[in-house]
Amino acid sequence: MTFQNTLQFAQQLDQQDELKDYRNQFIFPQHNGKNVIYFTGNSLGLQPKSAKTFVDEVMSDWATHAVEGHFYVEKPWWDYHERFAEPLSKIVGAKPSEVTVMNTLTVNLHLLMVSFYRPTATRYKIICEEKAFPSDQYMFQSQVNHHGYKPEDAIVEIKRREGEHNIRLEDILAKIEEVGDELALVLFGGVNYYTGQVFDMKTITEAGHKVGAIVGFDLAHAAGNIKLELHDWNVDFAAWCSYKYMNSGPGNASGCFVHEKHHHSDLPRFAGWWGHNKERRFKMEPSFDPVHGADGWQVSNLPILSLAPYLASVEMFAEVGMEKLIAKRNQITSYLEFILHEIDKEVNSTFEIITPSKQEERACQLSVFLHGEGRSLFDYLMKNGVITDWREPNVIRLAPVPLYTSYEDMYNFGQILKQGILNH
Ligand SMILES: *Cc1c(COP(=O)(O)O)cnc(C)c1O
């Protein structure tokens with residue numbers, strides 16, 4: 001499609017947008033009486049209007065039924081999390097028994113590493129991406145230390161080549177092969193949080209398995225954003241947070257995937273009563289008999305008040321389906337890219353999009369390196385109702401989330417950006 005940088009053209013795209021009505025199902029912060037242009041759904045998704053209804057239902061069940069709410073309300077709490085299995089499995093390309101929700105993301109990655117990072121004297125190394133999300137870096141270091149290895153020896157980061165912004169697949173594969181017999185675990189992001197680069201999880205998983213390693217993914221920026229086929233790709237395990245693209249609310253629960261092939265294994269794990277055989281959970285037996293499925297990694301009874309808004313969101317995703325989301329995501333991200341290039345030409349600026357330009361290597365985020373402008377431009381955008389975020393040294397990240405951003409937002413953003421640069 002040939003794009004145009006005009007209000008009329010943007011509005012025309014909005015009219016043709018199959019998902020346009022979803023925008024009204026979200027609550028936008030206001031700036032001068034209008035919706036802000038929200039580009040930070042990759043950090044904290046907007047609140048769906050239905051979230052409050054789901055939370056109110058739990059509050060009301062608690063008020064009227066108290067402890068009986070565990071069993072005798074419309075959505076009983078004791079197996080509330082099981083309502084996620086079906087819709088979530090579709091979002092991440094899994095079987096319902098392979099997914100569950102619990103805890104928070106870093107906690108879950110730690111718990112999953114208890115099962116899936118089993119270093120031996122000769123096979124103890126972890127491969128991850130350079131500039132992984134800081135929490136992941138701390139996690140790797142503490143896990144390696146916990147097992148008595150040295151981070152500088154045991155953690156192998158795949159680096160970008162000099163002068164390049166993204167990691168090459170060939171470099172990942174070459175390193176996996178090189179570390180070979182010493183490789184215990186590959187644990188990569190599905191989408192890099194900084195550049196928005198999407199990694200080829202299928203090929204990475206195959207390569208890891210070929211040298212005898214376990215392969216897992218941190219899907220914080222991938223879940224609800226890209227097409228995932230975790231089961232078919234034969235990924236061993238994965239986890240994601242729900243408050244970014246999945247709009248579940250600040251700091252909210254994490255989702256986990258454990259491949260079916262591990263459901264009957266005797267992998268060690270840190271257990272708790274919610275992972276115990278469902279039929280016998282309340283018999284309070286002394287020995288642990290895990291559920292055969294991702295639910296077997298559950299520990300505590302679940303925080304129902306936080307699951308409620310997550311469930312509201314998951315049901316919306318189930319209704320839309322990933323296909324439609326991805327189709328709009330591709331088009332609106334390309335439109336944003338076009339607008340950025342147009343403005344760049346008009347004002348003779350010098351910013352650079354560091355996110356891969358190939359459709360299959362990016363999703364819903366464009367990271368823009370501001371060579372000339374810097375922090376003052378970011379501040380200008382924020383003052384003018386454009387919510388983006390700033391990452392050192394000089395990058396703003398723009399995520400036009402397909403469920404609730406409009407093409408008109410992209411056009412308006414371009415005009416504000418242009419003013420910001422001209423005023424500079
Ligand atoms: C956002 C994010 C996290 C956050 O972890 P929490 O435990 O939810 O605070 C972790 N890893 C990645 C890659 C992220 O993008």
Side-chain angles (χ1 to χ4, degrees), residues 39-46 84 88 91-92 99-114 116-117 126-143 155 157-158 160 166-167 172 185-199 201 204 215-226 228 230 235 237-257 270 297 299-300 302-303 306-307 309-310 313-314 354-355 362-367 387-392 395-399 401:
F39 279 124
T40 42
N42 56 350
S43 191
L44 181 68
L46 289 180
F84 289 79
L88 257 189
I91 296 170
V92 300
V99 296
T100 195
V101 292
M102 58 188 197
N103 314 309
T104 46
L105 175 54
T106 311
V107 170
N108 282 341
L109 288 171
H110 272 301
L111 289 173
L112 289 164
M113 282 182 79
V114 167
F116 293 106
Y117 178 53
I126 300 175
I127 281 188
C128 62
E129 78 223 74
E130 178 192 38
K131 271 206 198 167
F133 194 80
S135 194
D136 296 36
Q137 296 185 39
Y138 310 148
M139 172 184 73
F140 292 136
Q141 291 158 16
S142 61
Q143 283 276 342
I155 303 174
E157 289 188 350
I158 315 272
R160 290 154 180 82
N166 294 290
I167 297 177
I172 302 173
L185 173 68
V186 179
L187 184 43
F188 241 75
V191 178
N192 182 264
Y193 82 99
Y194 186 77
T195 61
Q197 179 182 15
V198 176
F199 295 110
M201 287 176 256
I204 293 172
V215 183
F217 290 95
D218 177 340
L219 301 176
H221 281 259
N225 180 21
I226 67 173
L228 294 164
L230 298 178
V235 168
F237 70 96
W240 55 92
C241 50
S242 59
Y243 47 81
K244 291 175 178 167
Y245 289 100
M246 300 208 51
N247 314 319
S248 73
N252 211 344
S254 156
C256 290
F257 165 87
F270 286 169
W297 272 262
V299 182
S300 293
L302 287 128
S306 29
L307 293 198
Y310 188 9
S313 166
V314 161
I354 62 174
T355 305
R362 74 176 188 204
C364 182
Q365 173 180 324
L366 296 179
S367 300
I387 314 295
T388 78
D389 73 8
W390 172 264
R391 286 285 176 269
E392 294 296 335
V395 166
I396 57 171
R397 301 185 306 164
L398 307 166
V401 173

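In listed order, ligands and their atoms are each counted from 1. In this chain, numbering begins with 1 at the start of the sequence shown.
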Task: Between S242 and N252: side-chain donor-acceptor atoms closer than 3.5 Å - done: no
TODO: Would you please name every residue forming a ring pair (Phe, Tyr, Trp, His ring centres under 6.0 Å) with F188, sequence neighbours left out?
DONE: F199
TODO: Not counting sequence neighbours, which residues clear ring pair (Phe, Tyr, Trp, His ring centres under 6.0 Å) with Y243? List them please.
DONE: none
Between the protein and ligand 1, which nitrogen or oxygen pairs come in under 3.5 Å, and how far apart is each?
{"residue": "ligand 1", "atom": "5 (O)", "partner": "T106", "partner atom": "OG1", "Å": "3.3"}
{"residue": "ligand 1", "atom": "7 (O)", "partner": "T106", "partner atom": "N", "Å": "2.9"}
{"residue": "ligand 1", "atom": "7 (O)", "partner": "T106", "partner atom": "OG1", "Å": "2.5"}
{"residue": "ligand 1", "atom": "8 (O)", "partner": "Y243", "partner atom": "OH", "Å": "2.5"}
{"residue": "ligand 1", "atom": "11 (N)", "partner": "D136", "partner atom": "OD1", "Å": "2.9"}
{"residue": "ligand 1", "atom": "11 (N)", "partner": "D218", "partner atom": "OD2", "Å": "2.8"}
{"residue": "ligand 1", "atom": "15 (O)", "partner": "H221", "partner atom": "NE2", "Å": "3.2"}
{"residue": "ligand 1", "atom": "15 (O)", "partner": "K244", "partner atom": "NZ", "Å": "2.6"}

- [ ] For S142, enumerate each residue passing the side-chain contact (heavy atoms from CB on, under 4.5 Å) test, keeping only those at least two apart in sequence or located in another chain.
- [x] H110
Open item on the list: For F133, run the ring pair (Phe, Tyr, Trp, His ring centres under 6.0 Å) check against F140, Y193, Y138 and tell me which one passes.
Closed with: Y193
TODO: For S135 and Q137, test the side chains for any donor-to-acceptor distance below 3.5 angstrom and give the result as yes or no.
DONE: no
